[in-house]
Asker: 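Input: one structure, supplied below.
All values reported here derive from a predicted model rather than from experimental measurement.
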Amino acid sequence: TDQPQHSCYSCALGKAHQKNVPKQRITRSTKIGERFFMDISSPRQKSKGGAHHWLLLIDDASDMCFSFFLATKDLQTSVLIPFFKDLIHTYKITPMVIRCDNAGENIVFQNTCKSEGLGIRFEFTAPGTPQQNGRVERKFQTLYGRVRAMLIGSKIEQPLRDSPWSEAANTATDLDNNLVKTSTGISAFQQFFGKGKKTPVDFTKKFGERCEVADRTKLKAKLGERGREYRWVGYAKDHSVGTYRFYNSKTGKIIMSRDVAHTVKTYESTMNANNNATDDADNEPIDYQEKAPVSDSESESNDEEIVDS
């Protein structure tokens with residue numbers, strides 16, 4: 001056995017440590033949707049939509065990611081059961097195995113899958129051993145790095161900057177799924193869904209870019225503005241391609257619209273232009289040459305001209 005043997009009870013207590021996790025390569029599944037890796041991460045900041053938890057699913061065969069945002073962990077079952085049923089009935093994808101930890105919400109999800117007859121087998125990792133679910137742990141780190149960069153690059157002022165973290169995470173997931181992989185020559189989205197579903201990602205934009213969205217309210221002043229300024233934050237799923245999500249940094253509300261009237265300069269270009277204008281004004285040469293003194297006769301003539309005019 002690889003467990004250390006101690007003849008002394010006190011030595012066994014004093015030298016107890018975590019067992020080394022063997023680094024062995026597990027053969028990846030070749031069937032789409034057969035095996036999923038699942039985990040939950042809980043940022044401290046509450047999102048604008050009220051989410052406290054980020055639930056991430058990864059398909060073993062295609063590396064396709066699915067992100068869900070939950071207010072409480074007990075909502076996991078009510079979110080995932082319809083998701084897996086949709087995969088089975090709509091896309092003919094049958095999940096067989098889910099690897100996750102043995103947290104309470106996962107036990108409830110396992111029991112619900114049995115009662116619903118989904119036939120999903122669960123592989124629980126050992127307590128305190130996230131290395132056994134390394135695929136989803138590493139993907140979390142990759143996406144978190146992109147989310148932080150997107151929030152910082154948006155230049156939204158604090159304390160509102162971190163509140164749309166779920167929008168950034170959702171957009172980071174969409175972009176990751178649509179990156180073309182060198183190993184297959186196609187994206188994870190195309191590999192998972194095939195030609196049966198169109199991706200919502202039609203083009204890429206800078207997260208937090210300022211846009212003017214048409215105001216679709218019915219009652220508007222005749223001379224009033226026809227658009228409002230928003231921040232672009234992502235793609236609207238289950239909508240027609242070209243529908244996007246926008247964030248109002250003043251009110252904190254998220255809207256969906258396809259009526260992007262005009263895309264204005266990004267925050268950085270606007271600030272650079274203002275700084276350059278300020279620098280130009282500061283660097284403008286000043287004429288320090290003293291003007292010649294005005295004689296009394298010239299002053300009187302000027303006064304007369306002003307009065308006469």
Side-chain angles (χ1 to χ4, degrees), residues 18-47 49-144 147 165-166 169-170 172-174 176-177 188 192-193 237:
Q18 184 180 14
K19 180 182 177 182
N20 295 331
V21 179
K23 295 182 179 180
Q24 56 182 5
R25 186 176 181 86
I26 300 177
T27 304
R28 294 183 61 167
S29 175
T30 57
K31 186 177 180 180
I32 297 297
E34 182 181 37
R35 179 191 295 269
F36 283 93
F37 301 96
M38 181 175 69
D39 196 15
I40 289 182
S41 178
S42 302
R44 295 182 179 180
Q45 175 71 38
K46 179 181 178 181
S47 73
H52 282 282
H53 311 283
W54 180 2
L55 172 63
L56 184 63
L57 279 174
I58 302 179
D59 174 51
D60 188 20
S62 63
D63 205 36
M64 177 74 179
C65 303
F66 299 91
S67 290
F68 306 91
F69 305 98
L70 313 174
T72 56
K73 290 185 178 181
D74 58 356
L75 296 176
Q76 172 180 292
T77 299
S78 60
V79 169
L80 291 182
I81 291 296
F83 168 76
F84 283 115
K85 286 185 176 180
D86 184 58
L87 289 182
I88 295 173
H89 298 114
T90 305
Y91 302 101
K92 309 304 179 184
I93 297 175
T94 304
M96 302 296 294
V97 180
I98 294 179
R99 173 170 288 194
C100 58
D101 56 36
N102 60 346
E105 65 274 6
N106 294 333
I107 301 297
V108 174
F109 179 48
Q110 179 192 32
N111 296 332
T112 307
C113 288
K114 291 181 179 180
S115 61
E116 294 287 339
L118 297 181
I120 301 176
R121 180 170 58 88
F122 281 73
E123 293 179 350
F124 293 116
T125 60
T129 314
Q131 298 91 331
Q132 294 180 345
N133 204 8
R135 285 282 298 281
V136 68
E137 297 288 346
R138 291 189 295 272
K139 182 63 72 173
F140 257 135
Q141 293 302 316
T142 300
L143 294 179
Y144 262 122
V147 168
W165 66 263
S166 60
N170 199 23
T173 304
D174 290 337
D176 185 82
N177 289 333
F192 188 87
F193 289 107
K237 297 179 180 179

Asker: Looking at every heavy atom in both Thr129 and Thr125, which two are closest together, and how far apart are they?
Answerer: O-CB, 4.1 Å

Asker: Can you find a heavy atom in the side chain of Phe66 that is under 4.5 Å from one in the side chain of Leu80?
Answerer: no

Asker: For Gly33, does its backbone N or O pair with a side-chain atom of Asp59 as donor and acceptor, under 3.5 Å?
Answerer: yes

Asker: For Leu56 and Phe140, work out which heavy atoms get closest and say how close.
Answerer: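 Nearest heavy atoms, Leu56 then Phe140: CB-CZ, 3.6 Å.
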
Asker: Any donor and acceptor pair, going by atom type alone, linking the side chain of Arg28 with main-chain N or O of Asp60 inside 3.5 Å?
Answerer: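 Yes; judged by distance alone, with no hydrogens or angles, the pair exists.
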
Asker: Any side-chain donor-acceptor pair under 3.5 Å between Asn106 and Gln76?
Answerer: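 A pair is found: one side chain offers a donor N or O, the other an acceptor, under 3.5 Å apart.
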
Asker: Between Leu75 and Phe68, is any pair of side-chain heavy atoms under 4.5 Å apart?
Answerer: no

Asker: Taking Asn177 for its side chain and Met64 for its backbone only, find out whether a donor-acceptor pair lies under 3.5 Å.
Answerer: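 No.
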
Asker: One thing to verify: whether Lys139 and Asp39 come together as a salt bridge, which I'm taking to mean a side-chain N less than 4.0 angstrom from a carboxylate O.
Answerer: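 Answer for the salt bridge query: no.
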
Asker: Which distance, rounded to the nearest 0.5 Å, do you find between the CG of Asp63 and the CG of Asp176?
Answerer: 7.0 Å

Asker: Looking at Glu123 and Arg121, what are the two nearest heavy atoms and their distance?
Answerer: OE2-NH1, 3.5 Å

Asker: To the nearest 0.5 Å, how far apart are NZ in Lys73 and NE2 in His52?
Answerer: 12.0 Å

Asker: When you look at Phe84 and Cys113, which way does the side chain to side chain contact (heavy atoms under 4.5 Å, CB included) test go after all the steps?
Answerer: CA-CA 10 Å; Phe84 283 115; Cys113 288; 5.7 Å; no

Asker: Indicate yes or no: at least one non-hydrogen side-chain atom of Phe109 is less than 4.5 angstrom from one of Met38.
Answerer: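 A side-chain contact under 4.5 Å exists here.
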
Asker: Would you check, one step at a time, whether the test side chain to side chain contact (heavy atoms under 4.5 Å, CB included) holds for Asp86 with Tyr91?
Answerer: CA-CA 7 Å; Asp86 184 58; Tyr91 302 101; 3.6 Å; yes

Asker: Atom CD of Glu105 and atom SG of Cys100: how far apart are they, to the nearest 0.5 Å?
Answerer: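 SG of Cys100 is found 8.5 Å from CD of Glu105.
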
Asker: Which heavy atom of Ala169 sits nearest to which heavy atom of Val147, and what is that distance?
Answerer: CA-CG2, 3.5 Å

Asker: For the OG atom of Ser115 and the CD1 atom of Ile81, what is their distance to the nearest 0.5 Å?
Answerer: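 Answer for the OG-CD1 pair, Ser115 versus Ile81, is 7.0 Å.
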
Asker: Find out whether Ser47 and Phe69 are in side-chain contact, i.e. whether some heavy atom of one side chain is under 4.5 Å from a heavy atom of the other.
Answerer: no

Asker: Would you say that more than 12 heavy atoms from the other residues, nucleotides or ligands in this model lie under 6.0 Å from the NZ of Lys114, or not?
Answerer: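 No.
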
Asker: Are Leu143 and Trp54 close enough, and set up right, to give a side chain to side chain contact (heavy atoms under 4.5 Å, CB included), and what steps lead you there?
Answerer: CA-CA 11 Å; Leu143 294 179; Trp54 180 2; 3.7 Å; yes

Asker: Provide the closest heavy-atom pair for Arg35 versus Ser29 in the form atom of the first, atom of the second, distance.
Answerer: CB-CB, 4.5 Å

Asker: Ignoring hydrogens and geometry, is there a side-chain-to-backbone donor-acceptor pair from Glu34 to Ala61 under 3.5 Å?
Answerer: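 Between the backbone of Ala61 and the side chain of Glu34 there is no qualifying donor-acceptor contact (under 3.5 Å).
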
Asker: Contact between Val108 and Asp74 at the side-chain level, heavy atoms closer than 4.5 Å - yes or no?
Answerer: no

Asker: Output the distance between atom CZ (Phe122) and atom CD1 (Ile107), rounded to the nearest 0.5 Å.
Answerer: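 Going from CZ on Phe122 over to CD1 on Ile107, the span is 8.5 Å.
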
Asker: Kindly indicate, with the supporting measurements, whether the criterion side chain to side chain contact (heavy atoms under 4.5 Å, CB included) is fulfilled by Gln132 and Asp101.
Answerer: CA-CA 9 Å; Gln132 294 180 345; Asp101 56 36; over 6 Å; no

Asker: Show the nearest heavy-atom pair for residues Ile120 and Pro95, with the distance to one decimal.
Answerer: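 Scanning both residues completely, I find the closest heavy atoms to be CG1-O, 3.7 Å.
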
